[in-house]
Amino acid sequence: MRHKVAGWKLGRNTAHRRALLRNLVTSLIVEERIETTIPKAKAMRPHVEKMITLGKRGDLAARRLATSYLMTSEAVTKLFDTIAPRFGDRNGGYLRIVRTAWQKGDGAEKAFIELLGSEKVLDEKREKRADARAKRVAEAKKAMEEAEAQAPPAESGSEGSGKKEEEGT
C-alpha cells in the first residue's frame, strides 16, 4: 500500500524531475494544450493549479513566485493577463486530462492535458494554420503558373525529330 506517500518520482532524480515539471507547466501555460504521458500529466496538475491560483491573486508577490517557477517571462505574462482572469470565479479544477493512445516505442499511455476554456484559442490557432497553409499553396500555384508562362513551349521528342527529317530531305 502507498499510505502517506505523496507525489510522483517519474523515474528521475530530484533536480531532473523538478526541471521536467517546470518545463511542462511552462509549456502548458504558453500552448494551453500539450500531449504527454499519463503519470507526467497527473504529476504536473497540482503545479499548474498552484500557478493559476497565484495568477488569480495577481499581486506583486504572486507574480514574483510565478516568475521564480516558470521558465519564461512570456508564460508569466500570459498567466496573469489571459489565463487567470478566465478562471476568476472558479475554485480549482482548471485542467482536463484526455487519454489518447499509446506511445509507439515503449507502450506508455499518452494523454492531452489542457486548460479548460482553451477550445476557442485552439480553434483560432487551427484557423490561422489553415489560412497560412492555404496562402502557401496559392503562392506556390501562382509561382508555377508564372514559370510555365515564362518558359518557351517545349516540343516533344517524337515531333521534333520528324521535323528535322523533313527539312533534311
**Asked** What's the spacing between R136 CZ and E139 CD if we round to 0.5 Å?
**Response** 9.0 Å
**Message:** Working note: L54 + R57, criterion side chain to side chain contact (heavy atoms under 4.5 Å, CB included); need CA distance, chi angles, decisive distance, verdict.
**Reply:** CA-CA 5 Å; L54 287 174; R57 267 182 34 199; 3.7 Å; yes
**Asked** What do you reckon, is CH2 of W8 surrounded by more than 12 foreign heavy atoms closer than 6.0 Å?
**Response** yes
**Prompt:** E49 versus I52: any side-chain heavy-atom pair under 4.5 Å?
**Reply:** no
**Item:** Joint hydrophobic cluster, V30 plus M51, side-chain heavy atoms closer than 4.5 Å
**Value:** no
**OG1-NZ distance between T37 and K42, expressed to the nearest 0.5 angstrom** = 10.5 Å
**Prompt:** Going by heavy atoms in the side chains, are L95 and L116 under 4.5 Å from each other?
**Reply:** no
**Item:** Closest non-hydrogen atom pair, A75 against T26
**Value:** CB-CG2, 3.8 Å
**Message:** Please determine whether side chain to side chain contact (heavy atoms under 4.5 Å, CB included) holds for the pair L28 and R45, giving the CA-CA distance in whole Å, both sets of side-chain angles, and the decisive distance to 0.1 Å.
**Reply:** CA-CA 10 Å; L28 181 66; R45 178 188 290 250; over 6 Å; no
**Fill in**
Tested for side chain to side chain contact (heavy atoms under 4.5 Å, CB included) against T14, the lone hit among R17, H16, R12 is R17
**Heavy atoms of other groups near N91 CG, more than 12 under 6.0 Å** = no
**Asked** Out of curiosity, K78 NZ to T72 OG1, how far, rounded to the nearest 0.5 Å?
**Response** 10.5 Å
**Item:** Evaluation steps, side chain to side chain contact (heavy atoms under 4.5 Å, CB included), between I34 and K40
**Value:** CA-CA 11 Å; I34 59 173; K40 288 178 191 173; over 6 Å; no
**Asked** Excluding sequence neighbours, so at least two apart, what forms ring pair (Phe, Tyr, Trp, His ring centres under 6.0 Å) with Y94?
**Response** F87
**Asked** Between atom CD of E35 and atom CD of E114, what is the distance when rounded to the nearest 0.5 Å?
**Response** 11.5 Å
**Message:** Distance check, rounded to the nearest 0.5 Å: E124 atom CD versus R129 atom CZ?
**Reply:** 12.0 Å
Cut-off 3.5 Å, no hydrogens considered: what does the side-chain donor-acceptor table look like for residues 64-71, sequence neighbours left out?
residue, atom, partner, partner atom, Å
T67, OG1, R63, O, 2.7
S68, OG, L65, O, 2.7
Y69, OH, H47, ND1, 3.3

**Request:** Could you tell me the separation between the CZ atom of R99 and the CD1 atom of I38, rounded to the nearest 0.5 Å?
**Result:** 4.0 Å
**Prompt:** Looking only at atom types and distance, does a side-chain atom of K56 sit under 3.5 Å from a main-chain N or O of R90, one as donor and one as acceptor?
**Reply:** yes
**Item:** With sequence neighbours excluded, residues passing side-chain hydrogen bond (donor to acceptor under 3.5 Å, both in side chains) with R86
**Value:** E32
**Prompt:** Does V25 belong to the same Ile/Leu/Val/Met/Phe/Trp/Tyr cluster as I97, with side-chain heavy atoms less than 4.5 Å apart forming each link?
**Reply:** yes
**Asked** Considering all heavy atoms of both residues, which atom of I113 and which atom of A41 are nearest to each other, and what is their separation?
**Response** CD1-O, 3.7 Å
**Request:** Might you point out which heavy atoms bring L79 and G55 nearest each other, and give the distance in Å?
**Result:** CG-CA, 4.4 Å
